[in-house]
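Okay, structure first, notes after.
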Number of protein chains: 2
Amino acid sequence: MSVCDEVRQDGDPRDHGGQGRQNLALLCFYPHRAMEARLLATLAAEGFDDLTIAQGRIAARIGPGGTRLTDLAAQALVTKQTANHLVDQLERAGYVRRVPDPTDGRARLVQIAGRGQAVVALARRVEAEVEAEWTAHLGEEVTAQLRAALERLREITDPYR
Amino acid sequence: MSVCDEVRQDGDPRDHGGQGRQNLALLCFYPHRAMEARLLATLAAEGFDDLTIAQGRIAARIGPGGTRLTDLAAQALVTKQTANHLVDQLERAGYVRRVPDPTDGRARLVQIAGRGQAVVALARRVEAEVEAEWTAHLGEEVTAQLRAALERLREITDPYR
DNA sequence: ACCATTTAGTCAGGTGGTCTGACCATCGTC
DNA sequence: GACGATGGTCAGACCACCTGACTAAATGGT
């Protein structure tokens with residue numbers, strides 16, 4: 001999915017795939033989508049079938065000691081309302097809990113709760129597995145180059161670096 | 001946004017950004033998101049403020065000679081219903097048109113229509129501009145390596161290659 | 001101390017995107 | 001020419017997300 005790929009330069013009428021030079025952003029999209037799909041499918045298969053993509057995107061940004069709702073919203077690039085809504089669902093399902101922030105009476109920290117720990121562990125395994133497959137396909141050196149380039153690119157494309 | 005980043009390995013309590021080693025899929029996500037946001041903002045600023053992200057994602061996959069709805073849906077990984085709905089909107093707004101497929105009485109080809117041509121041209125310009133910025137940041141050689149690595153990765157992550 | 005401003009979070013209402021399920025028309029084949 | 005597969009549409013529902021308006025607590029200047 002991508003507004004990015006607003007365009008295709010290849011010239012084959014009725015083309016179905018697109019062999020032309022694709023823009024970089026679109027190329028970035030495929031691995032991301034593949035990982036997301038794989039992760040969601042595996043989690044569902046292992047019994048966590050009540051997780052949605054949006055919930056995962058929020059949950060993924062919870063730090064070890066808990067994270068404020070506002071920070072979650074900012075990092076995920078959604079509004080506080082949306083983040084709040086998703087955290088509500090996650091809390092109801094037992095994946096996270098909200099505790100008061102000891103350093104700020106207004107704030108509460110969203111923390112991974114019991115059921116969430118299991119999901120995180122599983123997700124970590126799947127991630128490592130998929131990355132290993134990619135490394136096997138690309139080779140160690142190219143993978144390292146890829147990671148380095150993406151990390152540098154992040155400097156100018158991630159507003160919350 | 002990413003279920004991909006289900007996990008963070010860094011250990012700083014109350015961390016807000018994440019300096020630890022990020023998984024590759026998440027790293028892929030930042031450039032994609034940045035391009036999408038830039039594209040949407042520019043298009044809106046130039047008067048195409050009735051375009052949504054989802055519409056762009058569908059429109060982006062229309063080939064020069066037109067593309068079938070089913071193919072658009074498959075490539076964008078959405079259902080035919082969703083694709084149809086989005087094409088309806090694009091058609092109503094004058095960006096695309098539907099013509100009968102001469103080779104198949106059941107099918108119709110979605111083609112870029114008058115107003116869509118202007119968008120495509122503008123989008124192409126913005127894409128080139130953003131890629132140029134990235135190249136300036138990374139350097140020619142690293143950019144070329146990045147593209148090559150992503151293209152190879154696409155071989156195993158894009159089901160509609 | 002006090003008030004103004006900012007920040008954390010919530011509530012209400014609405015739109016858009018996406019899905020599942022059921023359905024019709026046409027194609028290709030035996 | 002009948003039948004399974006394919007292209008597309010219709011109906012209804014849910015989820016994600018947004019804008020706008022609001023409360024409560026922290027912060028900073030006088």
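Order of the sequence lines fixes the chain letters, A, B, ..., with proteins taken first and strands second; residue numbering starts at 1 for each chain.
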[N], OP1 or OP2 - any side-chain N/O from [X] closer than 4.0 Å?
{"X": "A:T79", "N": "D:dC18", "result": "yes"}
{"X": "A:T70", "N": "C:dG9", "result": "yes"}
{"X": "B:T82", "N": "C:dC19", "result": "yes"}
{"X": "B:R108", "N": "C:dT26", "result": "no"}
{"X": "A:T52", "N": "D:dA16", "result": "yes"}
{"X": "A:R98", "N": "C:dT10", "result": "yes"}
{"X": "B:N84", "N": "D:dG8", "result": "no"}

Find the distance [X]:[atom1] to [N]:[atom2] and express it as a whole number of Å.
{"X": "B:L69", "N": "C:dA25", "atom1": "CG", "atom2": "P", "answer": "18 Å"}
{"X": "A:E91", "N": "C:dT10", "atom1": "CD", "atom2": "C1'", "answer": "14 Å"}
{"X": "B:Q75", "N": "D:dG7", "atom1": "CD", "atom2": "P", "answer": "13 Å"}
{"X": "B:D71", "N": "D:dG7", "atom1": "CG", "atom2": "P", "answer": "7 Å"}
{"X": "A:L51", "N": "D:dA16", "atom1": "CG", "atom2": "C1'", "answer": "15 Å"}
{"X": "A:I53", "N": "C:dT18", "atom1": "CD1", "atom2": "P", "answer": "10 Å"}
{"X": "A:R33", "N": "C:dT18", "atom1": "CZ", "atom2": "P", "answer": "12 Å"}
{"X": "B:L72", "N": "C:dT18", "atom1": "CG", "atom2": "P", "answer": "13 Å"}

Select one nucleotide: of D:dG8, C:dA8, D:dC18, the one nearest the side-chain heavy atoms of A:R68.
->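 Of the candidates, C:dA8 comes closest.
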
With the side chain of B:A107 defined as its heavy atoms from C-beta on, choose the nearest nucleotide among D:dT9, D:dC17, D:dG7.
->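 Taking heavy atoms from C-beta onward, the closest nucleotide is D:dG7.
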
Would you say the side chains of A:R61 and A:Q75 form a donor-acceptor pair under 3.5 Å?
-> no

Between B:A93 and B:D50, which heavy-atom pair has the shortest distance, and what is it?
-> CB-OD2, 3.8 Å

One thing to verify: whether [Y] and [X] come together as a salt bridge, which I'm taking to mean a side-chain N less than 4.0 angstrom from a carboxylate O.
{"X": "A:R68", "Y": "A:D104", "value": "yes"}
{"X": "A:E91", "Y": "A:R97", "value": "no"}
{"X": "B:R124", "Y": "B:E129", "value": "no"}
{"X": "B:R147", "Y": "B:E131", "value": "yes"}
{"X": "B:E133", "Y": "B:R38", "value": "yes"}

Which part of the nucleic acid does A:H85 contact within heavy-atom distance under 4.0 Å: base, sugar-phosphate only, or nothing?
-> nothing

Are A:L153 and B:Y30 close enough, and set up right, to give a side chain to side chain contact (heavy atoms under 4.5 Å, CB included), and what steps lead you there?
-> CA-CA 8 Å; A:L153 201 47; B:Y30 299 116; over 6 Å; no

Please list each protein N or O that sits under 3.5 Å from an N or O in nucleotides 20-25 of chain D, with the distance.
unit_1	atom_1	unit_2	atom_2	d
D:dG20	O6	A:Q81	NE2	2.2

